[in-house]
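Notes for the one structure printed next.
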Amino acid sequence: ERFGAGHPLTNRSLIVIAACDLNGGEHFDEAIRLLRQVVDSRTQTFGPQHGETMSAKLLLAKAYERAGEFGNAEPLRREIVESNRAFGAKGRSANRNNLLWLSLDRLKQGRFRQAEAPAREGLEIYRKEAPNDWLRYGAMSLLGWSLAGQEKFAAAEPLLLEGYEK
């Protein structure tokens, strides 16, 4: 059943579309402002862990990342990862990319040790579920970057080389 014009989901969906357009056009401040409104509205309407709310949080995290605000994106990505864990195997697959983005958010903040666990977990999921996916090599590179940042060069080198060569 479709929602009517006055339903909060419909109204906020229009704001999401506008925010995504602004985000694509690099008007990050306005996109972030609008997406915060959507997150707040969906949290009040549906609850903090509802799929509609989590989708809005994902869009907000992406807007923060595009704006270079990795410290603001990280808690949202962490919340999304934890929410997806509740869905077992289905959530595990959904988390592949979110784990890599969580790792990248931490790497961009110079938090190399904290970036290792999500990069390692994301890589493991790719190795098991999508071994030929090109993002597996991105996961290798992120893990290598994390290890290199911790001065674990011997462990980082093969990951960085294989991730780069593929």
Side-chain angles (χ1 to χ4, degrees), residues 2-87 90-123 125-126 129-130 133-146 149 163:
R2 296 192 182 264
F3 298 112
H7 192 278
L9 181 57
T10 303
N11 293 336
R12 293 302 175 187
S13 294
L14 296 174
I15 293 174
V16 167
I17 292 167
C20 289
D21 285 345
L22 291 168
N23 192 15
E26 299 185 10
H27 300 282
F28 302 120
D29 292 342
E30 184 66 8
I32 288 168
R33 185 184 68 74
L34 291 170
L35 287 167
R36 279 187 192 148
Q37 288 179 12
V38 173
V39 168
D40 291 344
S41 175
R42 289 187 180 179
T43 299
Q44 290 173 359
T45 303
F46 302 108
Q49 297 299 313
H50 190 276
E52 293 295 335
T53 306
M54 297 310 290
S55 294
K57 289 177 181 180
L58 179 60
L59 289 171
L60 180 56
K62 289 178 179 182
Y64 278 132
E65 288 159 350
R66 292 205 53 196
E69 296 181 29
F70 302 102
N72 288 327
E74 181 193 350
L76 293 166
R77 287 285 183 180
R78 192 173 54 244
E79 185 179 355
I80 292 162
V81 164
E82 291 307 316
S83 177
N84 283 341
R85 288 186 201 283
F87 293 100
K90 183 178 178 185
R92 182 176 161 88
S93 292
N95 262 348
R96 290 189 308 215
N97 289 341
N98 286 311
L99 286 161
L100 300 185
W101 278 102
L102 177 58
S103 180
L104 182 62
D105 289 341
R106 291 175 177 175
L107 288 167
K108 290 288 194 168
Q109 296 174 73
R111 298 175 54 214
F112 302 108
R113 192 168 43 94
Q114 294 87 352
E116 182 179 350
R120 194 173 292 284
E121 184 180 351
L123 176 57
I125 295 170
Y126 272 102
E129 297 181 6
D133 192 307
W134 66 271
L135 284 173
R136 180 183 136 217
Y137 302 105
M140 294 174 82
S141 296
L142 289 173
L143 180 55
W145 182 5
S146 170

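This is a predicted model, so every value here is computed, not measured. Positions are given from 1 along the sequence.
Of all the heavy atoms in T53 and R42, the pair that sits closest is OG1-O, 3.1 Å. Residue M54 comes nearest to P48 through the heavy atom pair SD-O, 3.4 Å, listed as atom of the first residue, atom of the second, then distance. Taking all atoms of both residues into account, the shortest heavy-atom contact from R96 to A130 is NH1-CB, 3.5 Å. Taking each heavy atom of A119 and S103 in turn, the nearest pair found is CB-OG, 3.3 Å.
From L60, atom CG reaches atom CG of D40 across 9.5 Å, with rounding to the nearest 0.5 Å. Put simply, CG on L76 and NZ on K57 are 7.5 Å apart, with the number rounded to the nearest 0.5 Å. Within the model, atoms CG of L123 and CD of E116 stand 11.5 Å from one another, a figure rounded to the nearest 0.5 Å. Taking CD of E52 as the reference point, atom OG1 of T43 lies at 11.5 Å (rounded to 0.5 Å). Rounding to the nearest 0.5 Å places CG of L107 at 10.0 Å from CZ of F70. In this structure, NE2 in H50 is found 11.0 Å from OG in S83, a value given to the nearest 0.5 Å.
You'll find the side chain of E69 reaches within 4.5 Å of the side chain of I32, heavy atoms only. Within the 4.5 Å cutoff, the side chain of E79 has heavy atoms near those of the Q49 side chain. You'll find the side chain of Y126 reaches within 4.5 Å of the side chain of L100, heavy atoms only. Considering only heavy atoms from C-beta on, E74 stays 4.5 Å or farther from K108 through its side chain.
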Steps toward side-chain contact (heavy atoms from CB on, under 4.5 Å) verdict (R77, L58): CA-CA 7 Å; R77 287 285 183 180; L58 179 60; 3.3 Å; yes
Stepwise side-chain contact (heavy atoms from CB on, under 4.5 Å) check, N95 with N98: CA-CA 5 Å; N95 262 348; N98 286 311; 3.9 Å; yes
Derivation of the side-chain contact (heavy atoms from CB on, under 4.5 Å) call for Y64 and L35: CA-CA 10 Å; Y64 278 132; L35 287 167; over 6 Å; no
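Counting heavy-atom neighbours within 6.0 Å of R113 CZ, excluding the residue itself, gives a total of 12 or less.
Looking at E82 and R85, a side-chain N of the basic residue comes within less than 4.0 Å of a carboxylate O on the acidic one, giving a salt bridge.
Side-chain N or O atoms of T45 include one that pairs as donor or acceptor with a backbone N or O of S41 at under 3.5 Å.
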